[in-house]
Amino acid sequence: MSWFAIRFSTLALVLVGTVCTVTLALVSSLAWLWAAIPLAALALLGLYDLAQPHHAIRRNYPILGNLRFLFEAIRPEIRQYFLEDDTNATPFSRAQRSIVYQRAKKQVDKRPFGTQEEVYNDRYEWMNHSLAPTHVADSDFRVTIGGPHCKQPYSMSALNISAMSFGALSGNAITALNEGARIGNFAHDTGEGGISPYHRKPGGALVWNIGSGYFGCRDEQGNFSPEAFARNARNPQVKMIEIKLSQGAKPGHGGILPGAKVTPEIAETRGVAPWKDCNSPAGHSAFDTPIGLMRFVARLRELSEGKPVGFKFCVGHPWEWFAIVKAMLETGITPDFIVVDGAEGGTGAAPPEFVDHVGTPLREGLRLVHNTLVGVNLRERIRIGASGKIITAFDMARTMALGADWCNAARGFMFAIGCIQAQSCHTDKCPTGVATQDPVRQRALVVPDKAQRVANFHENTLHALAELLGAAGLTHPGALRPHHIARRISPSEVRLLSAVFPELSPGELLEGKFRHRLFETGWTMARADSFLPTQDITSVQAIADCPPEPVPA
């Protein structure tokens with residue numbers, strides 16, 4: 001019986017206490033109610049614990065069993081504030097978040113007493129400096145986006161706000177981001193949720209993201225509408241159009257915004273009916289082949305009166321990417337830009353299997369895209385953007401050394417407007433008002449203050465990039481190459497990224513020179529008229545044996 005007494009002793013004591021304090025309140029003084037009321041509440045909780053069928057621990061340990069769920073609920077906060085190491089990135093370390101907060105607030109971002117990084121650990125990376133450093137006076141680094149068929153090229157900043165939709169983020173958050181982009185003269189990607197009033201009001205430059213739901217450019221059946229697209233695309237605030245093929249955190253996965261969340265405001269932005277489920281299919285209905293994609297690119301460029309048009313994707317099957325490139329060669333149609341999204345990218349909500357195990361990480365995907373375009377002599381015509389856990393100037397330098405012309409950041413700019421990495425984006429209970437549609441919660445996000453922080457973070461990060469470039473003896477991030485970055489492979493081995501990610505020669509693929517097994521197998525399997533391979537992939541063992549970018553012995 002001792003085990004029985006231990007398990008139910010708390011409930012027994014609470015019941016006894018309730019009876020005693022209620023009795024004293026009735027016969028002696030009402031002052032005893034201060035104890036009787038909370039004890040009665042605990043007694044009711046304990047009796048409910050005994051009767052409820054869902055949690056065994058509460059049935060076995062009434063009242064006390066609830067502590068387990070309380071501690072589980074506050075575990076992330078306890079870990080983040082008391083136990084987390086400064087350099088433990090899950091998904092972003094305290095050190096990474098702190099540097100964003102400091103630069104956004106224009107606080108001191110210097111560090112004393114040396115690095116906290118383990119410089120002899122595998123995968124530690126650094127930039128090689130020069131004994132003839134340069135002085136970079138202007139850190140407003142830009143690249144012109146617009147190929148031979150583009151009539152309205154856009155001068156893109158080296159750092160911009162990555163795709164985040166209204167609906168995933170609050171109206172105040174979108175307004176602050178766009179106002180910050182306007183102040184800092186850089187671009188704000190709308191995300192696939194369409195162009196909302198919160199994007200329009202500040203007037204910052206927009207990259208209009210066109211997803212498979214065609215929000216803002218769809219008809220009543222959910223198909224692409226040329227008329228609706230033209231109305232929005234010709235707005236002077238829209239600088240570029242980006243076709244979203246896939247997203248890093250959940251490539252190949254569609255989604256449904258439940259009808260209960262489709263408010264009239266969100267419905268108007270997306271061009272759908274309010275209070276009804278809003279579907280984003282996994283694939284596009286406007287095209288179903290690589291050639292169809294290229295023709296869609298040309299159509300959007302024409303409908304937008306010559307604005308830059310490109311696409312964003314996370315690299316998956318290599319032969320599908322090669323098929324797109326073959327479609328460019330066959331049709332003569334090229335996108336003005338391509339954004340490579342790494343599998344480490346963020347999202348408001350996705351199945352854990354997709355977040356953790358689907359899609360190619362940024363470095364391998366970016367290098368594959370860059371090398372393929374070099375190999376078919378198209379790299380000079382097509383600009384490449386990149387996104388995936390980009391926070392610091394070194395993140396930018398490494399990414400641009402691997403082939404990117406500019407970088408996009410989503411979570412970095414979320415930190416700038418107050419995100420604390422509570423990881424409750426999918427619950428509509430964001431504590432800082434960033435990722436919620438709750439008007440009371442988002443009221444906490446004061447737009448003028450946070451907009452200036454967005455501009456500050458952008459300015460100070462580019463200033464830090466300029467200092468890195470100067471230390472390396474360079475003057476512009478476009479001069480960065482893989483040999484500028486070194487990586488520790490083991491405690492006794494170091495390689496430059498140029499050895500880890502070899503460079504193809506211009507025109508190499510057109511000449512049929514396949515020095516790397518991936519290109520030898522994948523390129524021959526690709527066809528411009530279909531995303532399907534030309535042969536049964538199970539018979540091609542080599543494609544399964546090699547990563548997207550081979551690492552030489």
Side-chain angles (χ1 to χ4, degrees), residues 100 103-104 106 136-147 150 152-164 174 176-191 199 202-209 236-242 307-310 312 336-341 362 366 382-417 450-470 474-480:
V100 176
R103 287 175 174 171
K106 286 200 167 182
V136 183
D138 185 6
S139 60
D140 185 23
F141 304 117
R142 296 195 167 269
V143 58
T144 300
I145 313 296
C150 176
Q152 300 185 53
Y154 174 60
S155 180
M156 192 83 161
S157 172
L159 178 61
N160 304 277
I161 301 171
S162 195
M164 294 180 284
I174 295 293
L177 290 170
N178 194 258
E179 173 65 12
R182 186 194 65 79
I183 295 170
N185 191 24
F186 55 99
H188 179 192
D189 193 310
T190 65
H199 290 100
L206 294 176
V207 177
W208 184 15
N209 183 297
Q237 191 179 353
V238 176
K239 304 300 182 183
M240 305 200 310
I241 292 93
E242 175 185 85
K307 291 185 178 180
V309 176
K312 164 188 170 179
D336 298 290
F337 66 92
I338 297 171
V339 175
V340 182
D341 202 12
L362 176 59
L366 171 61
I382 302 171
R383 300 299 186 184
I384 299 178
S387 54
K389 294 194 75 170
I390 292 172
I391 292 289
T392 67
F394 180 75
D395 296 333
M396 293 184 63
R398 178 185 56 221
T399 302
M400 299 174 92
L402 288 173
D405 293 300
W406 83 88
C407 297
N408 292 334
R411 288 167 289 182
F413 282 104
M414 287 177 67
F415 293 144
I417 59 175
K450 298 302 189 287
Q452 187 59 56
R453 292 187 186 185
V454 169
N456 292 344
F457 171 62
H458 176 268
E459 177 186 1
N460 289 325
T461 302
L462 289 187
H463 176 73
L465 178 61
E467 291 185 323
L468 277 182
L469 293 172
L474 307 174
T475 58
H476 192 276
L480 284 164

Non-hydrogen side-chain atoms of [X] and [Y] separated by less than 4.5 Å:
{"X": "Leu462", "Y": "Met396", "value": "yes"}
{"X": "Met164", "Y": "Leu177", "value": "yes"}
{"X": "Lys389", "Y": "Arg411", "value": "yes"}
{"X": "Val454", "Y": "Ile417", "value": "yes"}
{"X": "Val207", "Y": "Asn160", "value": "no"}
{"X": "Met400", "Y": "Leu469", "value": "no"}
{"X": "Arg103", "Y": "Thr461", "value": "yes"}
{"X": "Val339", "Y": "Trp406", "value": "yes"}

*Can you see which heavy atom on Asp336 is nearest to which on Pro308, and at what distance?*
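In this case the closest contact between Asp336 and Pro308 is OD2-CA, 3.3 Å.
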Contacts of [X] that satisfy side-chain contact (heavy atoms from CB on, under 4.5 Å) - sequence neighbours left out:
{"X": "Ala466", "result": "Val136, Ser139, Phe141"}
{"X": "Gln152", "result": "Glu305, Lys307"}
{"X": "Asn185", "result": "Arg142"}

*With sequence neighbours excluded, tell me which residues meet side chain to side chain donor-acceptor pair (under 3.5 Å) with Ser387.*
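In terms of side chain to side chain donor-acceptor pair (under 3.5 Å), with neighbours along the sequence ignored, Ser387 is linked to Asp341.
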*Excluding sequence neighbours, so at least two apart, what forms side chain to side chain donor-acceptor pair (under 3.5 Å) with Glu459?*
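Counting only residues at least two positions away or on another chain, Glu459 forms no side chain to side chain donor-acceptor pair (under 3.5 Å).
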*asked:* Parallel, tilted or perpendicular: which one describes the rings of Phe186 and Phe413, with boundaries at 30° and 60°?
replied: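 The rings of Phe186 and Phe413 lie parallel, inter-plane angle below 30°.
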_Can you confirm whether or not the ring centre of Tyr154 sits under 6.0 Å from the ring centre of Phe337?_
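Ring-ring flag for Tyr154/Phe337: false, centres at least 6.0 Å apart.
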_Once salt bridge (Lys or Arg N to Asp or Glu O under 4.0 Å) is applied, what residue pairs with a partner in residues 394-404 remain, sequence neighbours excluded?_
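Those involving residues 394-404 are Glu125-Arg398, Asp395-Arg398.
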_Asn209 side chain vs Thr190 backbone, donor-acceptor pair below 3.5 Å_ =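 Checked: no pair found.
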